[in-house]
Amino acid sequence: MSPERLLEGLTQPQREAVMHRDGPLLVLAGPGSGKTRVITHRAAYLACTATGPEHILTITFTNKAAGEMAERMAGLGLGRGVTCCTFHAFCARLLRIYHEQAGLGANFSIYDDGDQVGAMREALARLDLSSENFTPGAVLGAISRAKNEMCTPAEFRAQRQGWQDRKIADIFDTYQKVLTEQNAVDFDDLLVKAAMLLGEHPELRERLEDRYRYVLVDEYQDTNRAQYLIARGLCLERGNLCVTGDPDQSIYAWRGADIGNILAFEEDFPAARVVRLEENYRSTPQILGAAGALITHNRRRKVKALLTTKGDGRAVWVVECEDERAEAAYIASQIVQHAEQGGSYRDVAVFYRVNALTRSLEGALLDARVPYQIARGVAFYQRKEIKDVLAYLRLAANPQDLAAFKRIINVPARGLGKVTVERVLARVYETGRPVLQVLADPDSIPGTKKAGAALRSFAGLMCGIRRAAEGPSVKDAVEYVTRHSGLIATWDGDSGNDALENVNELINAAAEYDRQHVEGGSVTGWLEQVSLVSDVDAIEEGAGAVTLMTLHAAKGLEFDVVYVAGVEHGLLPHERGNKELADVEEERRLLFVGMTRARRELTLSCARWRAVKGRFERRTTSLFLTELPREGVERTTLSAEGTGADGGPREVVMPPEAVEYASWRKGQLVRHAEYGLGRVQWIQPRTGGLYAGVTFSDCGQKTLALKHAPLELVDTDELD
DNA sequence: TCTGCCGTCTCATGT
DNA sequence: AGACGGCAGA
């Protein structure tokens, strides 16, 4: 495509960003301002005016975003030359190529949370520290925070003073040694080690800068220190770094993201050009007005206009429901209505702060026969059977991967119990040899006479898998594992059917990988891709289903109709068990992100009662709801009486049980088959349905389930 | 050594 | 409410 055509239909600021050639560029892009368009067009424009596509690197937040970006660039006639990926994928690739400089083996494993806990337990054991005083999770959290700031164990020790922190420094150090022994990295290491690679090897850094002459980083407001160093490191001389983002959409501080990166870009890169994209092409004025009013309550931000380009739309609805079941039923019924009026399910999304909210929503959508998909890409790879199959391949690819070894040495059961495993591990730690090597020679392990045959047979199995894994097809390797590992036999029952189906799904995924990597594919490459899947990656656009996801996952997406459920104090802003409130400004940004995903209709809902960890709790509405403007926002309460409290203009859909007991209210007279006449004191939803507190003249107050108790209403005029 | 049951703990958010 | 770890019994 010619450069002129690439500029067609772009606004002035968009053009400015696309045409800016050399030197740092900050694109402050409000929601719906055509940011993706700018990035893709800029890449294409550079590719035909400044350099070849192979010299352009685009870094996105999720694999899905990277894929779409690549797709759109291909549509602009760019072909597949531009590198589009996430920071993590880019770093993994870098570390594979320069593994020696990074102090890693070529086939290093990427450890997930569970694997990390295993490595941490080993580290704690080596230091003779009880895992009671130092729980693996807490220590891993502290280490992760340190890594996010690019802090090494030595620096960590130098910076802290307390006894506990010094211990954590020791653990940090030992934990890294354990990972290295197992030829493994954790998620944070991908970034940290890549950043260090750039920092410590100038010649390598130069080579990379020459390869990637123009770097574009999307969602820059959510980069952490390591990511910042990587981005800067790639552009040290040329300074051709273009970052796009919106400080108002920074929602990952808890993961180490530093909003300061984007706020200080101009000081960081004094030559930086700044382009503001403030026109919104996505949402109605009502949606934008509400979101804009909300976000002005934040102090730490760059003030930016939100200018509408769309015509008038519907008001933003705020709906207060009785409990979470009523809330879910309400959302489901509204979606049904939307579909009945000719709308498509794929245009609808429901967002929430915590995954626990999917339970009630799923139930209601199921009841209403609304097709839905949940953005939980990682969940699939966390299933036991999937992890088991993958562990075989991991161990085959990386014979030092002890996490994988421990997982499958006795799955299926081969008579290799705890004691034998301990002996094998002791031998591994003693000799420093890869576990697969140790296994192949069981005679060298003291006290394993009885288990020798089983160990040898397992080693033989792993040899076969290694051979299969070296073949050209990943799919064949996965099938080899399922055929020869003996896992299939363990999936016999009714739940085993699910397992079998899931593993077939995994085989399909491997086949798809084979198709996409006719050249250069490998089991290691596939395992890496699988380790770096994100939740939204699971979303299929053409599925014709409503999308359910967390507010965090919603970043970067847009839908015609959006529901945000559970806008309550304690949930949004979120509050932990100890009543500690999460950073309110970030929580506000989170709701801002959710609201600005909506193109035409936006509904925020909350419940007066909600089951939290099995117990019913009284809830209050979110402070954020009070920050919305009057204009363009319509509030309704779905009361148990079945009408909107303020005579709401909308059809109110009640959950079935609430309708049934709609005439029950405080003060109502009832007759119980056993206790006689009584008066209702309160009605509450609890697990298993509605409950009432009733005071009986004969035997005092009782708590009764309306569904089961032999109660009947008594009309007042029935009594003389 | 394996299986099943029960008690405890945890629900943020995710690459 | 659900997951996971520990423990007891086969």
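Letters go in sequence order (proteins before strands), and every chain restarts at 1.
- Looking at heavy atoms from C-beta onward, A:Phe90 lies in side-chain contact with A:Tyr212 at the 4.5 angstrom threshold.
- One can place CZ of A:Arg376 at 10 Å from P of B:dT13, the figure rounded to the nearest angstrom.
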Exercise for review: Kindly indicate, with the supporting measurements, whether the criterion side chain to side chain contact (heavy atoms under 4.5 Å, CB included) is fulfilled by A:Phe351 and A:Phe559.
Suggested key: CA-CA 11 Å; A:Phe351 304 147; A:Phe559 298 87; 4.0 Å; yes
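- When rounded to the nearest whole Å, the span between NZ of A:Lys147 and C1' of B:dT15 equals 14 Å.
- Protein atom OH of A:Tyr352 is 9 Å distant from nucleotide atom P of B:dG14, rounded to whole Å.
- Judged by ring centres under 5.5 Å apart and planes tilted less than 30 degrees, A:His552 fails to stack against the six-membered base ring of B:dG14.
- A:Val419 comes within 4.0 angstrom of sugar-phosphate atoms only, judged by non-hydrogen atoms across all strands, and of no base.
- Judged by the 6.0 Å and 45° rule, A:Arg96 forms a cation-pi pair with A:Phe108.
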Identify each atom pair where a protein N or O and an N or O of nucleotides 2-5 of chain B are less than 3.5 Å apart, giving names and distance.
unit_1	atom_1	unit_2	atom_2	d
B:dC2	OP1	A:Asn410	ND2	3.1
B:dC2	OP1	A:Gly415	N	3.3
B:dC2	OP2	A:Asn410	ND2	2.9

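- A:Phe458 and A:Phe405 have perpendicular rings, their planes meeting at more than 60° on a 0 to 90° scale where under 30° would count as parallel.
- Using a 4.0 Å cut-off, some side-chain N or O of A:Thr550 falls inside it from OP1 or OP2 of B:dG14.
- With its ring centre under 5.5 Å from that of the base six-membered ring and a plane angle below 30°, A:Trp254 counts as stacked on B:dT13.
- Heavy atoms of A:Glu587 sit under 4.0 angstrom from at least one base atom.
- Summarising the geometry, atom NZ belonging to A:Lys147 is positioned 9.5 Å from atom CG belonging to A:Leu190; distances are rounded to the nearest 0.5 Å.
- Here the C1' atom of nucleotide B:dG14 and the CD atom of A:Glu586 are 13 Å apart, to the nearest Å.
- Along DNA chain B, the nucleotide nearest A:Asp535 and the nucleotide nearest A:Ala356 are compared for position; the residue whose nucleotide lies closer to the 5' end is A:Ala356.
- Here the nucleotide nearest the side chain of A:Ser534, chosen from B:dT15, B:dA12, B:dG14, is B:dT15.
- Checked against the 6.0 Å centroid threshold, A:Trp254 and A:His574 do not count as a close aromatic pair.
- Among the protein residues, A:Phe87 comes within range of no part of the nucleic acid, since none of its heavy atoms lies under 4.0 Å from any strand.
- Following rounding to the nearest Å, A:Phe351 (CZ) and B:dT13 (P) show an atom-to-atom distance of 16 Å.
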Interface polar pairs with nucleotides 8-10 of chain C, N/O, under 3.5 angstrom:
none

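- Between A:Phe61 and A:Tyr252, the two ring planes are tilted [angle within 30° to 60°].
- Rounded to whole Å, the distance from CD on A:Glu585 to P on B:dT13 is 22 Å.
- One P atom belongs to C:dC4, the other to B:dT13, and the distance between them is 15 Å to the nearest Å.
- Under a 3.5 Å cut-off, the side chain of A:Thr223 and the backbone N or O of A:Tyr220 do form a donor-acceptor pair.
- Residue A:Asp188 is out of contact with every strand shown, counting any heavy-atom pair closer than 4.0 Å.
- Checking A:Glu324, A:Glu617, A:Glu568 one by one against A:Arg610, the salt bridge (charged side-chain N to carboxylate O under 4.0 Å, His left out) holds for a single residue, A:Glu568.
- With contacts defined as side-chain heavy-atom distances shorter than 4.5 Å, the pair A:Arg407/A:Val411 does not qualify.
- Computed from coordinates, the A:Arg589 CZ to B:dA12 P distance equals 20 Å when rounded to whole Å.
- Straight-line distance from the CG atom of A:Asn148 to the P atom of B:dT15: 14 Å, rounded to whole Å.
- Contact between the side-chain N/O atoms of A:Asn63 and the OP1/OP2 oxygens of B:dT15 is not found at any separation under 4.0 Å.
- Between the side chains of A:Ser605 and A:Glu327, at least one donor N or O sits under 3.5 Å from an acceptor N or O.
- Ranking B:dG14, B:dT15, B:dC11 by closeness to the A:Arg359 side chain, first place goes to B:dC11.
- Using a 4.0 Å cut-off, no side-chain N or O of A:Asn224 falls inside it from OP1 or OP2 of B:dT15.
- At the heavy-atom level, A:Ala582 lies under 4.0 Å from base atoms of the strands shown.
- The side chain of A:His574 approaches B:dA12 more closely than any other nucleotide in the set B:dA12, B:dT1, B:dG14.
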